[in-house]
Amino acid sequence: MLVNQSFKALEDPDREKFYCLSMFPYPSGKLHMGHVRNYTIGDVISRYQRMLGKNVLQPMGWDAFGLPAENAAIKNNTPPAEWTYANIDYMKGQLNRLGFGYDWDRELATCDPDYYKWEQWLFTRLIEKGMAYQKKATVNWDPVDQTVLANEQVIDGRGWRSGAVVEKRDIEQWFLKISDYSQELLDDLDKLPDWPERVITMQKNWIGRSVGLQMQFGLENTTETLEIFTTRPDTLMGVTYVAVAAEHPLAIEASKTNPELASFIEECKLGGVSEAEMETMEKKGFPLGINAIHPVTGETVPVFAANFVLMSYGSGAVMAVPGHDQRDWEFAEKYGIEKKQVIFPATDEQVGIEQAAYVEKGILKNSGEFDGLTSEQAFDAIADWLEAHGKGQRQVNFRLRDWGVSRQRYWGCPIPVIKDSAGNSRPATEFPVRLPEDVIVDGSGSPLKKMPEFYELANNEQRETDTFDTFFESSWYFARYCCPDANDSMLDERARYWLPVDQYVGGIEHAILHLLYARFFNKLMRDEGLIDNDEPFSRLLTQGMVIAETFYRENADGSKDWFNPADIDIERDSKGKVIQARLKSDGQPVISGGVEKMSKSKNNGVDPQDLINRFGADTVRLYTMFTAPPDQSLEWSEEGVEGAHRFLKRLWILAAEMSSDELGIPDELPERLQNSRREIHTNLKKALYDYERQQYNTVVSSCMTIVNNLYKLDETNEDKAVLREGMSIVLRLLAPIAPHVTHHLWTELGFGEDILTASWPQLDESALTQDTLEYVVQVNGKVRAKIQVAADADKAAIEETAKSNENVQRFTEGATIRKVIVVPNKLVNIVAN
RNA sequence: GCCCAGGUGGCGAAAUUGGUAGACGCAAGGGACUUAAAAUCCCUCGAGGGAAACCUCGUGCCGGUUCGAUUCCGGCCCUGGGCACCA
C-alpha cells in the first residue's frame, strides 16, 4: 500500500526525530467521533512537523484486552478474541480512509502474545526486585453471579446483570509498589513544562504529598496500640473519639460478644468500593465499647467502628476531631459525641463550633501546655513532644496507593505466576504464558478458573488464573512501537533513538490514571536498564469530548426513547432561535435533552463512516479542527460540516480558475495590492503562531480570511502574482489538516511534486509594514474615536492628534486632562475629570 | 463528598495574554441570478435608544484592584471531567 511507504519511519541519527503518538483505541467495533478528533489532531501535528523537516514517527495499534469483549462474548456468543480481531480489521480500514499517516509496519495489538510476553517477563523481574507483592484488597462481589464486578458494573449498589446488592469482599491480589516512586513521580512533574497546567495539578493532588504525624494511641486494658496518621497534629488536643474500619480486627473481636455490632459490621459490607460511593454515602458508626488512650493527655476516648474508614488504606484507623473537621463534626452530632474547640481565629473574630466545624488554622486554646501557639508552631511542638515520649514521629505521607493489578477476568494478560500446593507463589520462567483463545464466556465466575487445561501443571502446581489490569498493557506500548519486532528483549536500541514521545495526544479523561501509570512504567523500564529517559511524554495535548444535542420522547412508564439528531427537523424563529424540534418520520414534536457526550445510550452519536462517504475525509478533518480548539469540547453540527465542505469547494474553485503560470511578486505594487499582501501575511503570521500553540481552529480561520482576500483580486498580472503567492501559502497551511485536496491542487498548479515534502511557508516581514497606523482613542477608558497616525509619529504627535479629534473634544470639554496613556501601535487613553 | 476545568450574540467560537468585545464560521433576514428550486454571489446581523452623527448597557452572579478587566484578586451559582476494577 502506498500510504504505508510514505509514512514509514526509519531511525536516522542525522535528522531531528519527532515521535507523535495518539492514544491507541480500544477496538470496540467502529470508530466514533472522539477517535476521529483524537487522530486528526495527532495527524495534523505529525504532518506539520514533517513539513518542518523532522523525521516523524506516527504509529498506531490496539488496546485490545478489556471488559467490553467479554460482554460482547456473552451477548453474541462469540469468543472475545474473534470479536476483537474482527473489530481491529474494520477500524483499521476506517483509519486509512481518513488519510492518517501511520507507519503500519509498527502496528501492535496488546492481546498478541508477542506483545504481552514482555510485560509478563517484566512483571517477574519486578517480583524478584520486590516491586510486586501480594496482599488482600477489597473488591465488589456479586453474590448471585459469583463474580467480581468493576465499579462501572455496580449501579446504585447493585450488580448490573443480576440486580443483586453488591458486597465488599477481600481477596488476595498482586500489587505494584508505585508508592516507592511517589516522590519522583511528584518531582518529575517539574520536568514537564509542556504539559497542560491542569493535568500537572491533578497529578500533584492525586499523589498527594503531606507531612504529618504517625502516632500510637493506647488501648484501655491492653498493651496493644492503634496506629494513627494525621496531617493536623495541632488539633490533637481536640480528639474526642477514634474510628476504625468495620473489618478492623478490633471491631471483629468486639463483635463476638456484641450481636448488634456484628450486624452493623455485616451492614457495612453492603455496597461498592468506589471512593465516590464511600464519600457520599451516609456516615454511620457503632461504638465498640472500647476506649483509646490519648497519647498526650492520657484521657480515654471511645472507639467507633465506622463505614467510611477503609481497612486497606493506611492503618484502618483515624483520629476524629469534631471541632475542626466537618465530617467528624457531623458524625459527632449524630451520635452525641463531645465536640471540643481547641483552635481559635488569630484575629478578634469570634468563631464557635456550634453550627459547623472550624477548619481554618489559628491559635491553640484548651490544649494544656500548647496553649497560645499558632497551628504551625503547635505542629512542631506536638511532634517534638510525641517523638520525645516515644509515642509518634513526623512522617511524609502520600495519598497515592499501590497499584492493584489483579483482575478476576478472562480477556486479559495472564499474570505469570505459579502456585504450589501450599499456596506459595513463584514467578513463571517461560513466556508467553499464553491465554487460551477458544473460550466460552457466560458471565458467571472466571472462565480461566474453569479451565484445568490452562491452570493445571505438573507437581500439583497451578497457574494464577487472574489477569492484569488493562492499564498494564497501555503503560508501555509507547516504547514498544519503537521496536515492535524486537525478539530478544522487551526493547532495543531503537527505543533510545525515538523516546521520549515528543507529542502525546489523548482524552482529558486519562489525565490521572493512565498517564500516571505510564510515567511509572517508564521509570520501571529505565531502572531495568532498557531506556534512559526519565519521563515518557515531553509534550501533552488533552483533547476535549465530542458532544451533540439529544432528543427524546417520554413513554407512559417514564422511560425515554432517544432519537438521533440526524432524524430530527429543527424549526427556528426569525432570529434563528430554536422553537421546536420534530421527528422527521412522523412530524411530531420531540423534547430537547440538552447537549451531551456522544453515546449509544442517548442515541446522539454520529457515524464517521457516513460522513466520510458524504463529504470526504478532508471535510471531516477540517470540521473537527475548525469548530473548537483541541482541548475544548466539540459540539456536533451537521450545518457546520456543510460549512467546512463549502470552504473546501471555494478553495477548489479559486484554484481551478487560476493559471499555473509562475508569476513572481514585482518589486513595486499598487497600494491596493500591498494591502492584499499585508492581509495575507498578517494571517500567515497568525497561522504560524497558532500552529505552534496548537490552536488549530484559528489556523483555519486565518486560512479562510486569506481565501476571502484572494477572491477579491482582479485579473491583472500583478493580481495574479499575489494570488499565486497567496494560494501557495494557504495550500501549505492547510496541508496538515486537509491533505488530499491540498495535495491535488498543489501538483495541479505546478507548485511541486508532493505537498507533504514542500517547505513550510515563510513570513515576508516587509509585507507587513504600514505608512499609517490606526489608533483607538479612549476618554476615561471608553472608546470615543479612531485616528490615523503616521507610523513614525512620536508620542507627542499622537497625543495631539487624539486631543484634536472632534468627538474626543466633546468628552473632554470643561474637564481637566489628568493623564494621557499611549500604548504603542494601539491606543490612547485620556484621563480627564 | 473530594480534586481539576469551563461559563462570551440565536449557535460553535475569537480577542497575539491587562488595551477597540464578538475575528472566522453556522443559523436567520433581505436582495441578485433562475420559469422555479438547489447551488452560487452581494448586503444586514449583541440589546436598547436615535433620521443620522452618535449614546447607554453588555463576556454566569456579587464585590475589589486598575487610567483601562472576558483577562488579575475574593466570594457565590451552574455545567463538564476524574475519584484508583470502563477505557
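Naming convention: chains lettered A, B, ... in sequence-line order (proteins, then strands); numbering from 1 in each chain.
Distance alone, capped at 3.5 Å, is enough to place a donor-acceptor pair between the A:Thr550 side chain and the A:Gly593 backbone.
Rounded to whole Å, the separation between the C1' atoms of B:U16 and B:C24 comes to 16 Å. Taking the P atom of each, B:G9 and B:U70 are spaced 14 Å apart, rounded to whole Å. Comparing the P positions of B:A51 and B:A32 gives an interatomic distance of 28 Å, to the nearest angstrom. Between B:G12 and B:U59, the two C1' atoms lie 16 Å apart (nearest whole Å). A gap of 16 Å separates the P atoms of B:A15 and B:G60, to the nearest Å. Taking atom P on both B:A37 and B:G29, the two are 14 Å apart, rounded to the nearest angstrom. Using atom C1' as the reference point in both B:G22 and B:A47, the two lie 14 Å apart (nearest Å). A distance of about 47 Å separates the C1' atoms of B:G31 and B:G81, rounded to the whole Å.
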For RNA chain B, the dot-bracket pattern of Watson-Crick and G-U pairs whose distances stay under 3.5 Å, | for other-strand partners: (((((((..(((......[....))).(((((.......))))).((((....))))..(((((..]....))))))))))))....

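In the set B:C26, B:C24, B:A13, the nucleotide with an atom closest to the side chain of A:Glu639 is B:C26. Among the nucleotides B:C67, B:U40, B:A84, the one closest to the side chain of A:Ile821 is B:C67. Comparing B:G19, B:A87, B:C55 by their closest approach to the side chain of A:Tyr26 singles out B:A87. Taking every side-chain heavy atom of A:Gln632 into account, B:A13 is the closest of B:A13, B:U16, B:G1. In the set B:A23, B:C55, B:U56, the nucleotide with an atom closest to the side chain of A:Lys782 is B:U56. In this structure, of B:G1, B:C55, B:G12, it is B:G12 that holds the atom nearest to the side chain of A:Phe626. Side-chain proximity of A:Glu279 to the nucleotides B:U20, B:C26, B:G1 is greatest for B:G1. For A:Asn829, counting side-chain heavy atoms from C-beta on, the closest listed nucleotide (B:G19, B:C83, B:G81) is B:G19. Side-chain proximity of A:Arg693 to B:G81, B:U17, B:C83: nearest is B:U17. Side-chain proximity of A:Lys649 to the nucleotides B:G1, B:U20, B:A39 is greatest for B:A39.
The aromatic ring centres of A:Phe308 and A:Phe331 sit less than 6.0 Å apart. Taking the ring centroids of A:Trp636 and A:Tyr623, they lie under the 6.0 Å cut-off.
Looking at heavy-atom distances under 4.0 Å, A:Ser633 makes contact with sugar-phosphate atoms alone, never a base. Counting non-hydrogen atoms under 4.0 angstrom, A:Asn708 reaches the backbone sugars and phosphates but no base. Across all strands shown, A:Phe811 has heavy atoms under 4.0 Å from sugar-phosphate atoms exclusively, and none from any base. Residue A:Lys786 is in base contact, counting any heavy-atom pair closer than 4.0 Å across all strands shown. Contact annotation for A:Leu400: base contact, defined as any heavy-atom pair under 4.0 Å involving a base atom. Backbone-only contact: A:Val831 has heavy atoms under 4.0 Å from sugar-phosphate atoms and none from a base. As judged by a 4.0 angstrom heavy-atom cut-off over every strand, A:Pro629 is placed among residues touching the sugar-phosphate backbone only. Using a 4.0 Å heavy-atom cutoff across all strands shown, A:Arg327 reaches no nucleic acid atom at all. Here A:Leu67 lies in heavy-atom contact (under 4.0 Å) with sugar-phosphate atoms only. As judged by a 4.0 angstrom heavy-atom cut-off over every strand, A:Val823 is placed among the base-contacting residues. At the heavy-atom level, A:Thr470 lies under 4.0 Å from the strands shown only through sugar-phosphate atoms. No engagement by A:Met23 is indicated, since no non-hydrogen atom pair under 4.0 Å with the nucleic acid exists. Nucleic acid contact class of A:Gln408 (heavy atoms, under 4.0 Å, all strands): base. A:Ser274 comes within 4.0 angstrom of sugar-phosphate atoms only, judged by non-hydrogen atoms across all strands, and of no base.
Taking the nucleotide of RNA chain B with the nearest heavy atom to each of A:Val273 and A:Tyr711, the more 5' of the two is matched to A:Tyr711.
The shortest distance between side-chain heavy atoms of A:Met545 and A:Met598 does not fall below 4.5 Å. A:Gln153 has its side chain out of reach of A:Val166: every pair of non-hydrogen atoms, C-beta onward, lies at least 4.5 Å apart.
A salt bridge links A:Glu638 with A:Arg614: the closest approach of a Lys/Arg side-chain nitrogen to an acidic carboxylate oxygen falls below 4.0 angstrom. Classification of A:Glu509 and A:Lys597 as a salt-bridged pair fails, no side-chain N sitting under 4.0 Å from a carboxylate O.
Rounded to an integer number of Å, the gap from CG of A:Asn780 to P of B:U20 is 17 Å. Remark: P of B:U40 and CG of A:Leu654 are 15 Å apart, rounded to the nearest angstrom. Summarising the geometry, the separation between NZ on A:Lys204 and P on B:A5 is reported as 12 Å, rounded to the nearest angstrom. The CZ atom of A:Arg784 sits 10 Å away from the C1' atom of B:U56 (whole-angstrom rounding). When rounded to the nearest whole Å, the span between CZ of A:Arg650 and P of B:C24 equals 12 Å. Computed from coordinates, the A:Glu509 CD to B:G82 C1' distance equals 10 Å when rounded to whole Å. Note: CG (A:Leu516) to C1' (B:C4) measures 15 Å, nearest angstrom. Rounded to an integer number of Å, the gap from CD of A:Glu277 to P of B:C2 is 17 Å.
Glycosidic torsion of B:U34 falls outside 90° of 0, placing the base in anti. In this structure, B:A51 shows a glycosidic angle within 90 degrees of zero, which is the syn conformation. Against the 90° criterion about 0, the sugar-base torsion of B:G12 places it in the anti range.
Not a single donor-acceptor pair, N or O on each side, falls under 3.5 Å between the base of B:A14 and the side chain of A:Thr698.
In this pair, A:Tyr691 and A:Tyr696 present their aromatic rings perpendicular. The plane angle is above 60°, beyond the 30 to 60° band.
Distances shown here put a side-chain N or O of A:Asn807 below 4.0 Å from the OP1 or OP2 atom of B:C55.
Shown here are the salt bridge (Lys or Arg N to Asp or Glu O under 4.0 Å) partners of A:Glu333, two or more places apart in sequence or in another chain: A:Lys339.
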Worked verdict on A:Asp402 versus A:Lys177 for salt bridge (Lys or Arg N to Asp or Glu O under 4.0 Å): CA-CA 5 Å; A:Asp402 277 342; A:Lys177 260 194 206 169; over 6 Å; no

side-chain hydrogen bond (donor to acceptor under 3.5 Å, both in side chains) assessment of A:Asn205 paired with A:Arg399: CA-CA 8 Å; A:Asn205 290 337; A:Arg399 205 185 79 96; over 6 Å; no

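The number of heavy atoms from other shown groups lying within 6.0 Å of CD (A:Glu571) is above 12.
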